[in-house]
There are 2 protein chains.
Amino acid sequence: MNFQPYTREAVADLLRGHDITPTHQRIEIAFVLFEKREHLCADQIFALVNARHAETSKATVYNTLKLFLDKRLVRELIVDPSKVFYDPNTTPHHHFYDVDSGELTDIPADSVRVEGLPALPPGVVAEGVDVIVRTRRAS
Amino acid sequence: MNFQPYTREAVADLLRGHDITPTHQRIEIAFVLFEKREHLCADQIFALVNARHAETSKATVYNTLKLFLDKRLVRELIVDPSKVFYDPNTTPHHHFYDVDSGELTDIPADSVRVEGLPALPPGVVAEGVDVIVRTRRAS
DNA sequence: CCGGTGAGTTAGACAAAGTCCAATTCTTGT
DNA sequence: ACAAGAATTGGACTTTGTCTAACTCACCGG
């Protein structure tokens, strides 16, 4: 996903293109994700969506994120021991993770090569290869 | 950590070697970790340690794991969205993660090469590079 | 229009992992 | 053996996420 939909209509089209019925709540959630193209967790998304008027419940935020994940509209980043981050960038790329601040930064995939991975057992497919470089302030 | 300490005395020595005062509870926890050389989460460790006689509290298990982590006796694996796994193997290696079963398998590091990572900003050091290959049953 | 149907949403109770604290118990150095 | 500091403890608490049963909404046929 590398174009940026600016209007709710564009977001609605994006959802339709992924087989997702565009509802008010889903549009708002997707809008927030694609507006700030950042790594957000469910909590932050919940807060951002409801910033003006409370309109979307916690349950819907979780339901919707799971749906988006399933439909490959976003990616899940499991990197922080206490919460999952959602990444609106589904093209292959990797991450720096600052252990001190919890901050996540993208590493473009084109420069990085991972070689020598062993073959997978039969009947099993790779869903993706995540490279996470954990960093911290020099001591 | 690639030798396997079989006795509590050997475990105690291992702890001392890492600047950890060996207490009963810490020895039991380390013993469990190094006996089964598996990826265990706090819950499982708590259960294993208390399997015979309840002797170690939940708080101590968490305290101790954090201490072990700090002293580089174990490694933390953040791969499952709901819990942290602890890996008694601190030598460089990577992991397969089966999304369906939650199972973790080691990938020896010597075969794998990660190339082309961008330089780190000044004042920041890499703590480690984790490669996680997410797999699932072919559909 | 209007009422029915099924998908989507909701509040709030619940569950699981992990943290925190003040009181107690252990380890260690002398 | 003892004092002092370190480690441990139960239990309450927090946070992230799940579940459910009721409700709402968009849409379709008549």
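Letters A, B, ... mirror the listed sequences (proteins, then strands); counts begin at 1.
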What is the distance from CG of B:L15 to C1' of C:dT28, rounded to the nearest Å?
16 Å
Keeping the roles fixed (side chain from A:D87, backbone from A:V74), state whether a donor-acceptor pair exists under 3.5 Å.
no
Side chains of B:D130 and A:Y97: any donor to acceptor distance under 3.5 Å?
no
After noting the C-alpha distance and the side-chain angles of B:K36 and B:E38, does the key distance pass the salt bridge (Lys or Arg N to Asp or Glu O under 4.0 Å) rule?
CA-CA 5 Å; B:K36 334 197 146 249; B:E38 274 172 36; 5.5 Å; no
Indicate whether OP1 or OP2 belonging to C:dG18 is found under 4.0 Å from a side-chain N or O atom of B:Y62.
yes
For the pair made of CG in A:L65 and P in D:dT16, what is the distance, rounded to whole Å?
14 Å
Measure CG/A:L69 against P/D:dG17 and give the value in whole Å, please.
12 Å
How long is the line joining CZ of A:R16 and P of D:dA26, in whole Å?
14 Å
A:I27 atom CD1 is separated from D:dA26 atom C1', nearest whole Å, by 13 Å
Show each protein N/O and nucleotides 7-14 of chain C N/O combination with a separation under 3.5 Å, one pair to a line.
unit_1: C:dG8; atom_1: OP1; unit_2: A:T21; atom_2: OG1; d: 3.2
unit_1: C:dG8; atom_1: OP1; unit_2: A:R26; atom_2: NH1; d: 3.2
unit_1: C:dT9; atom_1: OP1; unit_2: A:T23; atom_2: OG1; d: 2.4
unit_1: C:dT9; atom_1: OP1; unit_2: A:Q25; atom_2: OE1; d: 3.2
unit_1: C:dT9; atom_1: O3'; unit_2: A:Q25; atom_2: NE2; d: 2.9
unit_1: C:dT10; atom_1: OP1; unit_2: A:Q25; atom_2: NE2; d: 3.4
unit_1: C:dT10; atom_1: OP1; unit_2: A:E55; atom_2: O; d: 2.6
unit_1: C:dT10; atom_1: OP2; unit_2: A:S57; atom_2: N; d: 3.0
unit_1: C:dT10; atom_1: OP2; unit_2: A:S57; atom_2: OG; d: 3.3
unit_1: C:dT10; atom_1: OP2; unit_2: A:T60; atom_2: OG1; d: 2.7

Distance-only donor-acceptor check, side chains A:R75 and A:H93, under 3.5 Å:
yes
Kindly list each side-chain donor-acceptor pair under 3.5 angstrom involving residues 116-125 of chain B, sequence neighbours excluded, with atom names and distances?
none

How long is the line joining NZ of B:K66 and C1' of D:dA6, in whole Å?
17 Å
In whole Å, what is the span from the CD atom of B:E28 to the P atom of D:dT9?
12 Å
Any side-chain N or O of A:K83 below 4.0 angstrom from OP1/OP2 of C:dA17?
no
Whole-Å distance between C:dA16 C1' and B:F46 CZ?
14 Å
Determine, for A:D13 against A:R16, whether the closest basic-nitrogen to carboxylate-oxygen distance falls under 4.0 angstrom.
yes
